[in-house]
Amino acid sequence: MPASGTLHEGTSAQVLHVGPYDDETPILTKLHHEYLPTNNLREAGLHHEIYLSDPRRTDPAKLKTVLRQPVEAQSG
């Protein structure tokens with residue numbers, strides 16, 4: 001069931017993950033600990049996920065999920 005509410009996240013970093021949900025952690029770790037610092041960004045809210053596939057009908061290896069992290073420029 002979709003979550004209700006509206007997100008006002010502004011600028012975000014995002015990545016398309018293809019595969020099982022359980023395999024998302026390494027991608028999020030790389031996003032937070034490599035991509036954001038390299039690009040002078042920091043987290044500006046909680047990450048969230050956008051599910052593009054129906055897990056009831058899709059092989060886990062083919063699930064598509066957008067992993068999105070609101071960001072802002074690091075000061076200093």
Considering all heavy atoms of both residues, which atom of P70 and which atom of S12 are nearest to each other, and what is their separation?
CA-OG, 3.6 Å
So V71 and E43, side-chain contact (heavy atoms from CB on, under 4.5 Å) or not? Walk me through it.
CA-CA 5 Å; V71 297; E43 298 173 35; 6.0 Å; no
So, does Q69 use its side chain to make a donor-acceptor pair with the main chain of G45 at under 3.5 Å?
yes
Between R68 and E9, is the salt bridge (charged side-chain N to carboxylate O under 4.0 Å, His left out) condition met? List the steps.
CA-CA 10 Å; R68 184 177 288 171; E9 59 194 357; 2.9 Å; yes
So which atom in L63 and which in P55 form the shortest heavy-atom distance, rounded to 0.1 Å?
CD2-CA, 3.8 Å
Are side-chain heavy atoms of L31 and L67 found at a separation under 4.5 Å?
no
Verdict with reasoning, E49 to H17, per side-chain contact (heavy atoms from CB on, under 4.5 Å)
CA-CA 10 Å; E49 302 167 359; H17 169 68; over 6 Å; no
In Å, rounded to the nearest 0.5 Å, how long is the span from CD of Q14 to NE2 of H48?
8.0 Å
Can a salt bridge be assigned to the pair E72 and R42 using a cut-off of 4.0 Å between side-chain N and carboxylate O?
yes
Taking the side chain as every heavy atom from C-beta outward, state whether D23 and P20 have any atom pair closer than 4.5 Å.
yes
Treat each ILVMFWY residue as a node, draw an edge where side-chain heavy atoms are under 4.5 Å apart, and state whether V66 and V18 are in one component.
yes
Say you draw a straight line from NZ of K30 to CG of L36; how long is it, rounded to the nearest 0.5 Å?
13.0 Å
Nearest heavy-atom approach of Y21 to S53 is OH-O, 4.2 Å
For H33 and P37 the tightest heavy-atom approach is O-CG, 3.6 Å
Linked, directly or transitively: L16 and I50 (ILVMFWY side chains, under 4.5 Å)
yes
Interatomic distance, OH@Y35 vs CG@L41, rounded to 0.5 Å, equals 6.5 Å
